[in-house]
Amino acid sequence: MPEPSEILSLAKRRGFLWPAYEIYGGVAGLFDYGPLGAEMKRNIEDYWRQLYVRQEGFLEITCPLLAPKEVFEASGHLKEFTDLVVQCDACSTSFRADHLAEGLHEQPSRLSKDELCMLLNDNNVVCPECGGHLCEPATFNLMFKTAIGAGAGGRDGYMRPETAQGMFVNFNMIYRYAREKLPVGAVQIGSSMRNEISPRQGVIRLREFNMMEAELFVHPDDKSWPNFANVKDEKLKLLPDGGKDTVTVALEKAVGDGMILNETLAYFMWLTWKFLSDLGVDPDRMRFRQHARTEMAHYASDCWDCEALLGYGWVELVGVADRGCYDVSAHLDHSGADLTAFERFDSPKMLTVDRIQPDLSKLGPIFKGKARAVADKLAEVPPDSVPDDRSEIELEVDGERLKVPSECFRKVRREEKVSGRKFVPHVIEPSYGLDRILYALLDHAYGSKEDYVRLRLSGKASPVKLGVFPLVGKDGLDTLALEIHRRISSLGVACYYDDSGSIGRRYARMDEIGTPFCVTLDYDTLKDDTVTLRDRDTAEQIRVKIDRLPEIALKIQENIAFEDLRRHS
RNA sequence: GCGGAUGUAGUCUAGCGGUUAGGACUGAGGCUUCCCAAGCCUUAAGCCCGGGUUCGAAUCCCGGCAUCCGCACCA
């Protein structure tokens, strides 16, 4: 297995990844994508779009990175994404306050700052390292805070720690766009930010990172998936919660046995497996690990991480979770917006309902300006709680207790037609770490033998698809090679022209950045319009007609194997 | 955030208080016109940042930043 330092060295040298702002000393957790990295990142994004947007019909949206505070009050990030940290005055060691309160309270992580502070003081908790005095707990939130707008009129804002919230808050728009049908999926590709305490491991833990997230809104009682039948016999490598070893199980069995919670979750786990292996993550170094109950976020009912074995150990590349109704409900509650789907009954139901009907002509003279508010409150009173002979109702309106005499309202019984019901959709979320996936592709593609480095990137992932060389830069070979380069480039295929140095050196340069094939023009080319096509992994060559090159170039993007090209040559 | 180690061209590295910081690879230009990092010539590029000690600092000391390894943290 290659050392991460070898890969990062190559990535820097050849223009995949650069430490950001390096001339100013760099910043931990920030990386630039160089030209090859940017190209490769886009290849990954494009294939993901191909699967999610084109094939599965998800709707791509793009939301701002910056969001107002309210979004994260609702999502729970402001509360849950915050750690309370205490520091020892004597030895300066930091501890999480809720960890120190372990055993003093049932759920210390749920306590507020003041409550925790009191709890620690009352119990005379001292530094576990040296017994020194501890300072007051300080909050550390992993979100980057900023102000939207200037001065006192400015509004508290945060940089999003995930792209998901943009899709949840837009559920009503997405649902309407989809003409009120479920399931409906939304996707978003973009960056998110977390102020990690200690970023490590190259691009594995970044402070600004790229995500490709999908949020599939489904009916809570129907988590089946139409395409599931087509893939039910496909197998996945699973490491279930509590299991010691991975098991290879067919999707249908995994769902049937209750190992994976539902069909939809299983389907997208399979799609993830296909996506990653097509791009070039080695299936032998890939697995799905189920989150333990304690590890799972409080809202999730099942969660599987797709992990790859890298130089750093097993690293999560993708998380596929059933988030239930948590997120949409949270935004519904905080915003008051109607983030529900509507389910039409087979036939409308006639219901007999009792209601309190306010009489505004009586309320007006008594309550004056408050009459409307009183009426609204009256309408919310459960009719069953009001006996028919009750002479008045006590209400709290805007913090004021009022007595409403019985002549101000009537209890009425009505027949109502109910044609369906509203419900909050559940969400299945496949969430992809783009930077980690790109790194995993480099890691699994990397091979070196006696200082000769070869990246066996897939045709889909490789930043350059084809190298084009004149064997010698004269006798018209160079101009013809440039002409071929231009023709292939105009198809939108990334190819690279090189006429400097020996031919071997040029092949070596392409091998090092993972270019699958190279074509070389020689003197035979001038006679019979053929070029040599060289395979990166074997260095074998075949001769092909120049006219076939555009077709071949396009097929490289579909991972065509050299053997297939040889067979048709 | 804590503890330890490290920081010299794009990469790898020599240097151990005293000339103009040396080499290899890579890059660029040329010769060679050649099918797997060949050879020759030319050329570009570096002491992480800031302070201190000293006649003199890449070298010693302090602070910062960054990287790596442990610990902690990690939706």
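Quantities reported herein were computed from a predicted structural model and do not represent experimental measurements. All chains are named by letter (A, B, ...) in the order of the sequence lines, taking the proteins before the strands, and each is independently numbered beginning at 1. Hydrogens, waters and symmetry mates play no part in the numbers below; they use all other heavy atoms, side chains included.
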For A:Glu3 and B:U6, what is the distance between atoms CD and P respectively, to the nearest whole Å?
-> 19 Å
For A:Tyr452 and for A:Glu22, find the nucleotide of RNA chain B with the closest heavy atom, then tell me which residue's nucleotide is more 5'.
-> A:Glu22
Considering just the side-chain nitrogens and oxygens of A:Arg505, establish if one lies under 4.0 Å of OP1 or OP2 belonging to B:A38.
-> yes
Rounded C1' spacing from B:A38 to B:G50 in Å = 48 Å
How about A:Phe16 and A:Tyr33: are their ring centres within less than 6.0 Å of each other?
-> no
Who pairs with B:G3 - Watson-Crick or G-U, where each distance is under 3.5 Å | B:C69
Pairwise P distance, B:U42 and B:A37 [rounded to whole Å] | 24 Å
Check the distance between B:U33's P and A:Asp524's CG and give it to me in whole angstrom.
-> 19 Å
If you look at every strand shown and take non-hydrogen atoms under 4.0 Å, does A:Asp511 touch a base, only sugar-phosphate, or nothing?
-> nothing
Rounded P spacing from B:G51 to B:A57 in Å = 13 Å
Does a distance-only test, which skips hydrogens and angles, find a donor-acceptor pair under 3.5 Å between the side chain of A:Ser431 and the base of B:A75?
-> no
By nearest nucleotide on RNA chain B, pick out whichever of A:Leu471 and A:Ser9 is the more 5' one.
-> A:Ser9
Between the base of B:C36 and the side chain of A:Arg534, is there a donor-acceptor distance below 3.5 Å?
-> yes
Round to the nearest Å and state the distance from A:Leu480 atom CG to B:U33 atom P.
-> 21 Å
Side-chain donor/acceptor contact of A:Arg509 with base of B:C36 under 3.5 Å = no
In whole Å, what separates the C1' atom of B:G15 from that of B:A24?
-> 16 Å
Under-3.5 Å donor-acceptor pair between A:Tyr507 side chain and B:C35 base = yes
Just compare B:A66, B:C35, B:U33 and give me whichever is closest to any side-chain atom of A:Lys474.
-> B:U33
How far does the C1' atom of B:A45 sit from the matching atom of B:G23, given to the nearest Å?
-> 14 Å
Among A:Glu6, A:Arg454, A:Arg456, which one satisfies side-chain hydrogen bond (donor to acceptor under 3.5 Å, both in side chains) with A:Tyr446?
-> A:Glu6
Assert yes or no for the condition that the ring centre distance of A:Phe268 to A:Phe58 is strictly below 6.0 Å.
-> yes
Under a 3.5 Å limit for both distances, which nucleotide forms a Watson-Crick or G-U wobble pair with B:U53, could you say?
-> none
A:Tyr497 and A:Asp499: side chain donor to acceptor below 3.5 Å = yes
With a non-hydrogen cut-off below 4.0 angstrom, is A:Arg194 in contact with a base, only sugar-phosphate, or nothing?
-> sugar-phosphate
What about A:Thr532, does its side chain sit under 3.5 Å from the base of B:C35 through a donor-acceptor pair?
-> yes
Pairing partner (Watson-Crick or G-U wobble, both distances under 3.5 angstrom) of B:A21 = none
Just how far, in rounded Å, is P of B:U67 from NZ of A:Lys12?
-> 11 Å
Between A:Tyr432 and A:Phe275, ring centroids under 6.0 Å | yes
Counting any heavy atom closer than 4.0 Å, what does A:Ala539 reach on the DNA or RNA strands: base, sugar-phosphate only, or nothing?
-> base
Select one nucleotide: of B:G1, B:C34, B:C36, the one nearest the side-chain heavy atoms of A:Arg200.
-> B:G1
Can we call the ring centroids of A:Phe209 and A:Phe31 under 6.0 Å apart?
-> no
State whether the distance check finds a donor on one side and an acceptor on the other, under 3.5 Å, for side chain A:His291 versus base B:A75.
-> no
Expressed in whole Å, how much space separates the P atoms belonging to B:G17 and B:C60?
-> 8 Å
Between B:A66, B:A72, B:A75, which nucleotide has the shortest distance from any of its atoms to the side chain of A:His77?
-> B:A75
Of the candidate nucleotides B:G1, B:A38, B:C73, which contains the atom at the shortest distance from the side chain of A:Arg205?
-> B:C73
Are side-chain N/O atoms of A:Thr163 and A:Glu213 paired as donor and acceptor at under 3.5 Å?
-> yes
Strand partner of B:A14, provided both Watson-Crick or wobble distances fall under 3.5 Å | none
Tell me what A:Glu196 touches on the nucleic acid: a base, only sugar-phosphate, or nothing, going by heavy atoms under 4.0 Å.
-> nothing
Could you tell me whether the side chain of A:Gln541 and the main chain of A:Asp535 form a donor-acceptor pair under 3.5 Å?
-> no
Nearest heavy-atom neighbours spanning A:His334 and A:Glu73 | NE2-O, 3.8 Å
Choosing from B:C36, B:A38, B:A72, which nucleotide comes nearest the side chain of A:Ile503?
-> B:C36
Rounded to whole angstrom units, what separation is found between the CZ atom of A:Arg454 and the P atom of B:A37?
-> 11 Å
Let me know the distance between CD1 of A:Ile204 and C1' of B:C73, rounded to the nearest Å.
-> 17 Å
If you measure from the P atom in B:U6 to the same atom in B:U59, how many Å do you get, rounded?
-> 14 Å
Length of the CZ-P vector between A:Arg506 and B:A38, whole Å | 11 Å
Across every strand shown, the nucleotide meeting Watson-Crick or G-U wobble geometry with B:C34 (both distances under 3.5 Å) is none
So what does A:Gly15 hit on the nucleic acid, given a heavy-atom distance under 4.0 Å: a base, only sugar-phosphate, or nothing?
-> nothing
Using purine N1 to pyrimidine N3 plus N6-O4 or O6-N4 for Watson-Crick, or N1-O2 and O6-N3 for G-U wobble, each under 3.5 Å, what pairs with B:G27?
-> B:U43
Nearest-angstrom distance, C1' atom, B:G1 to B:C73 = 9 Å
What integer distance in Å separates A:Ile23:CD1 from B:C65:C1'?
-> 14 Å
